K.L.:
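Let me begin by handing over the structure; questions about it come next.
Residue indices begin at 1 and follow the sequence shown. Quick caveat, the model's predicted, so the values are computed rather than measured.
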Amino acid sequence: MAKAAEEAPAADAIAEEAVKHTLALNPMVGLRGRDFVDAAQTVFKAAIGRPRIAVKQWFSFMGDLGKIVAGESACTTQPGDKRFNDPAWKTSGLHQKLLQSYLAWGEAIRAFVDKVDLDDQNRARAKLISDILVDALSPTNGLVSNPAALKKLIDTGGESLWTGLKNYFEDLVRNGGMPSQVDSKQFQVGKNIATTPGAVVFRTEVFELIQYKPMTAEVWARPLLIVPPQINKFYSLDLSPDKSLIQFLLREGVQVFCISWRNPTAKYREWGLDTYVEAVDEAVDAVRNIARSADVSVFGACSGGITSSAYAAWQAGRGESKMKNLILAVCALDPSQVEDTALGALITPQAVEAARKVSHARGVLDGRDLAKVFAWMRPNDLIWNYWVNNYLLGNAPPAFDILYWNSDTTSLPARLHSDFLDLIKLNPCVTDHITPWKSVYQTARIIGEETTFILPNAGHLQSLINPPGNPKATFVTGAASSPDPDAFAASATKQSGSWWTHWSQWLSTRSGDKIEAPSALGNAQFPPGQPAPGTYVFNA
């Protein structure tokens, strides 16, 4: 019990950090081995062309080493770098010198890249590759050079090493050689996550439509349809009951319907954005029929928000008004507004076309491959801390529901992937799966200046999974009337608590009258079938 109690905080810390980097919107371009080679060649050619810079940086590094050996170095870790939290990095002279030498070497590499004569994109590519290399060679990633791992090896009489080796070989067989981010054995969809009662009331080749059982005697007349992202499964919005946005809405008297996308195979390579827009229209018609409502509210998250926005435009072009309210969550409609990020360094026209060709040849863009790409964009958070935890310390990965969902990836049909790539190609930018809030604010501006914008104090997925009761939760809200995001943030109203409550109040004023809750799910035309969470959610 003492051992478990000791390891729990460490696992919680890993999970807390990793959840900031979930895969809710994957990088659509990918990472090729050629990108690494090209970046390395660029730096090598620059070094040959400007040898004085390389020599000067080398002598500077040797000078830093001299100070470290003499105990005169002030080199220290950056704030927030949790890799070196173990006290031994400060109390042990040997480990302190090892740490300072590593930091000095890494700084020398980064300084050299900063000083060589490169254009902006090649410099960004070189920085990305050098950062990956420097992170990989951290002394925390070695058994002998990591004081916490070495201490545990001694304390357990070698048991931690044996357990770590078993974890490693299990990941080699089952996880493509990547360290597991979650103890998946602790979760079962439909058993301890995605457990909200409901039923599939409509199924097509593309999606299942789930209607959830009301939790109140009366409900709002206008129903809500949730359109989740295509790259992950829908149940991020229905995790454990205390984190389930769907259950929260049901308790607020909202009639909730949710799309569960099929995980496509190469057979469905020709499904494009138009396929998914038409699927949303089919779902909207079914919801209207079942709820006996002339129109619906639509909640689109991430790439589901892009699909919902395309549906709104398509519907407007047809002169239809089936959708009364549109809610977009962590959704960037204009990629040209997305801020610079590490992955953007590798987004070139050639890389975009290469990604398009690969998915076309395979028929799908495999979500598991993208997960690996994304992990290498943030190796300290998504690879090396699990390497240390799982293999060097011999611990099990954390059992965290959000991380389980994050690992349960889906694929994109080749044509839908191509359509998303066109958003990048037609709006040249550097983009990333995490949608920076200023980019999402521009989405609100695109919809209209009267759009209400909510900015929570949390990361990408955490901003969605934001149930009431968190004393640290705050958000700002207001109309997206200012063209400057910073000006909006300065003038917006700051509130404590979860944005869920604020949104529920907003939605209730736009959902018609209260009516008696339906006594049964579906209707004669759309009879209830498979219990929620349906069948498509189990497609591998």
Side-chain angles (χ1 to χ4, degrees), residues 1-23 31 81-86 88-89 95 132-133 135-189 191-193 232 239 366-409 540:
M1 291 297 292
K3 178 183 177 183
E6 178 183 333
E7 293 175 355
D12 290 344
I14 291 173
E16 182 180 353
E17 188 63 27
V19 76
K20 298 176 184 177
H21 308 288
T22 48
L23 202 59
L31 184 65
D81 190 342
K82 299 179 181 179
R83 293 176 296 171
F84 302 98
N85 281 351
D86 191 282
W89 293 111
H95 281 97
I132 291 175
L133 174 64
D135 290 342
L137 295 178
S138 169
T140 54
N141 299 334
L143 178 62
V144 176
S145 54
N146 185 318
L150 195 58
K151 181 177 184 298
K152 189 165 185 182
L153 175 67
I154 296 170
D155 290 347
T156 62
E159 182 183 351
S160 62
L161 176 60
W162 174 245
T163 305
L165 285 172
K166 288 195 295 183
N167 290 343
Y168 173 76
F169 285 112
E170 185 172 331
D171 283 340
L172 201 61
V173 173
R174 299 183 181 180
N175 203 42
M178 297 288 286
S180 294
Q181 297 179 7
V182 63
D183 186 357
S184 59
K185 295 186 287 293
Q186 303 300 318
F187 299 100
Q188 274 190 285
V189 175
K191 299 295 184 182
N192 58 359
I193 49 176
N232 278 96
L239 294 169
D366 194 320
R368 291 168 296 187
D369 291 341
L370 286 178
K372 293 179 181 179
V373 171
F374 183 63
W376 281 109
M377 296 300 98
R378 288 155 182 78
N380 283 336
D381 298 311
L382 300 179
I383 294 178
W384 298 120
N385 71 340
Y386 293 105
W387 172 276
V388 172
N389 179 77
N390 302 2
Y391 308 152
L392 303 189
L393 297 176
N395 297 331
F400 200 46
D401 49 11
I402 293 178
L403 295 181
Y404 177 81
W405 164 83
N406 188 55
S407 68
D408 193 7
T409 59

K.L.:
Quick one: list whatever passes side-chain contact (heavy atoms from CB on, under 4.5 Å) with N85, sequence neighbours left out.
P.N.:
K82
K.L.:
Output all residues satisfying side chain to side chain donor-acceptor pair (under 3.5 Å) with D401, sequence neighbours left out; order by chain, then residue number.
P.N.:
S240, K243
K.L.:
Ignoring hydrogens, what is the shortest heavy-atom contact between A399 and Q186? Give both atom names and the distance.
P.N.:
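Taking every non-hydrogen atom into account, CB-CG, 3.7 Å.
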K.L.:
Applying side chain to side chain donor-acceptor pair (under 3.5 Å), name anything that partners Y391, two or more places apart in sequence or on another chain.
P.N.:
D171
K.L.:
Taking only residues two or more places apart in sequence, or in another chain, which ones meet F84 in a side-chain contact (heavy atoms from CB on, under 4.5 Å)?
P.N.:
T77, D81, W89, L99, Y102, S138, P139, T140
K.L.:
Can you find a pair of side-chain heavy atoms, one from N380 and one from N385, that are under 4.5 Å apart?
P.N.:
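SC-SC contact between N380 and N385 ruled out.
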K.L.:
Just verifying a value: how many Å separate T163 OG1 and L393 CG, rounded to the nearest 0.5 Å?
P.N.:
11.0 Å
K.L.:
Can you give me the closest heavy-atom contact between Y386 and S180, atom names plus distance?
P.N.:
CD2-O, 3.5 Å
K.L.:
Output yes when a side-chain donor or acceptor of N192 lies under 3.5 Å from a complementary backbone atom of Q188, and no otherwise.
P.N.:
yes
K.L.:
By the definition side chain to side chain contact (heavy atoms under 4.5 Å, CB included), identify the one residue from L239, V182, V189, I193 that meets it with W405.
P.N.:
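So, applying the side chain to side chain contact (heavy atoms under 4.5 Å, CB included) to W405 and each of L239, V182, V189, I193, only L239 qualifies.
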K.L.:
Within a strict 4.5 Å, meaning less than it, do heavy atoms of the M178 and L382 side chains meet?
P.N.:
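With C-beta onward as the side chain, the pair stays apart.
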K.L.:
Using ring pair (Phe, Tyr, Trp, His ring centres under 6.0 Å) as the criterion, list what pairs up with F187, not counting sequence neighbours.
P.N.:
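Per chain and number, F187 pairs via ring pair (Phe, Tyr, Trp, His ring centres under 6.0 Å) with Y404.
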K.L.:
Please check this pair: side chain of N167 against backbone of P397, looking for a donor-acceptor N/O pair closer than 3.5 Å.
P.N.:
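Answer holds: no.
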K.L.:
Among residues at least two apart in sequence or on other chains, which ones pass side chain to side chain donor-acceptor pair (under 3.5 Å) with S160?
P.N.:
T156
K.L.:
Which pairs with one or both residues in residues 142-151 pass side chain to side chain donor-acceptor pair (under 3.5 Å), sequence neighbours excluded?
P.N.:
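Non-adjacent pairs meeting side chain to side chain donor-acceptor pair (under 3.5 Å): K151-D155.
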K.L.:
List in chain and number order the residues that pass salt bridge (Lys or Arg N to Asp or Glu O under 4.0 Å) with D408, two or more places apart in sequence or in another chain; answer none if no residue qualifies.
P.N.:
K233
K.L.:
So T409 and N232, do their side chains get closer than 4.5 Å, heavy atoms only?
P.N.:
yes
K.L.:
Run the side-chain contact (heavy atoms from CB on, under 4.5 Å) test against K185 and tell me which residues pass, sequence neighbours left out.
P.N.:
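Listed in chain order: E170, D183.
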K.L.:
Could you check whether any side-chain N or O of N141 sits under 3.5 Å from a backbone N or O of W387, counting only pairs where one atom can act as donor and the other as acceptor?
P.N.:
no
K.L.:
Identify, with sequence neighbours excluded, every residue that meets side chain to side chain donor-acceptor pair (under 3.5 Å) alongside D86.
P.N.:
none
K.L.:
Checking the side chain of N389 only, and the main-chain atoms of A396 only, is there a donor and an acceptor separated by less than 3.5 Å?
P.N.:
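Between the backbone of A396 and the side chain of N389 there is a qualifying donor-acceptor contact (under 3.5 Å).
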K.L.:
Residues in side-chain contact (heavy atoms from CB on, under 4.5 Å) with L143, at least two apart?
P.N.:
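A149, L153, L161, L392.
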